[in-house]
Amino acid sequence: MADSDSATDDDRTTIRAGREFEREYRLDSKEAGEFLIALGEQLRDDDELTLVDDEWELPFAFGEPIDVEIDFDGVGDQELEIEVEIPGRSDESAPDVR
């Protein structure tokens, strides 16, 4: 019998194209590092990734290039922000040349 606290694939909402979705997480450094390593491995090894939470899943076929922005604020309470923008893969193909 399945644990009632764990979600099954059928219980999750699948986030698809045509919808806006945003979640923010506050993680300790170990958990954030593990997330970034797993994300990096998917970017390195595949051309699709799926982000999964207890309530939702977001499958995403990504394209190139991936933008990485580094922003350091060294005044007052120092802060380092690293932003990664992963474009969706285009299903378009070039027109014929005749």
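Sequential numbering from 1 along the given sequence is applied to the chain's residues.
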Atom pair [atom1]/[atom2] of [X] and [Y] - distance to nearest 0.5 Å:
X   : Y   : atom1 : atom2 : answer
E83 : D67 : CD    : CG    : 9.0 Å
D11 : D54 : CG    : CG    : 10.0 Å
E81 : F72 : CD    : CZ    : 13.0 Å
E85 : E69 : CD    : CD    : 7.5 Å
L39 : E34 : CG    : CD    : 13.5 Å

Exercise: identify the closest heavy-atom pair between [X] and [Y]:
X   : Y   : answer
T50 : E57 : CG2-CB, 4.3 Å
P59 : R16 : CG-NH1, 4.2 Å
T13 : R19 : CG2-NH1, 3.5 Å
L58 : F21 : CD1-CD2, 3.8 Å

*asked:* Between R23 and D53, does any side-chain N to carboxylate O distance fall below 4.0 Å?
replied: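 Judged by the 4.0 Å cut-off on N to carboxylate O distance, R23 and D53 do not form a salt bridge.
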*Output yes when D28 and K30 qualify as a salt bridge under the 4.0 Å nitrogen-oxygen rule, no when they do not.*
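Answer for the salt bridge query: no.
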*Assess whether atom CG of D71 is packed by more than 12 heavy atoms of other residues, nucleotides or ligands within 6.0 Å.*
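Counting other residues, nucleotides and ligands, CG of D71 exceeds 12 neighbours.
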*asked:* Any heavy-atom pair between the side chains of F60 and I15 that's under 4.5 Å?
replied: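 No, too far: nothing below the 4.5 Å cut-off.
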Would [X] and [Y] show up in the same hydrophobic cluster when neighbours are defined by side-chain heavy atoms closer than 4.5 Å?
X   : Y   : value
V52 : F62 : no
L80 : V68 : yes
F35 : I37 : no

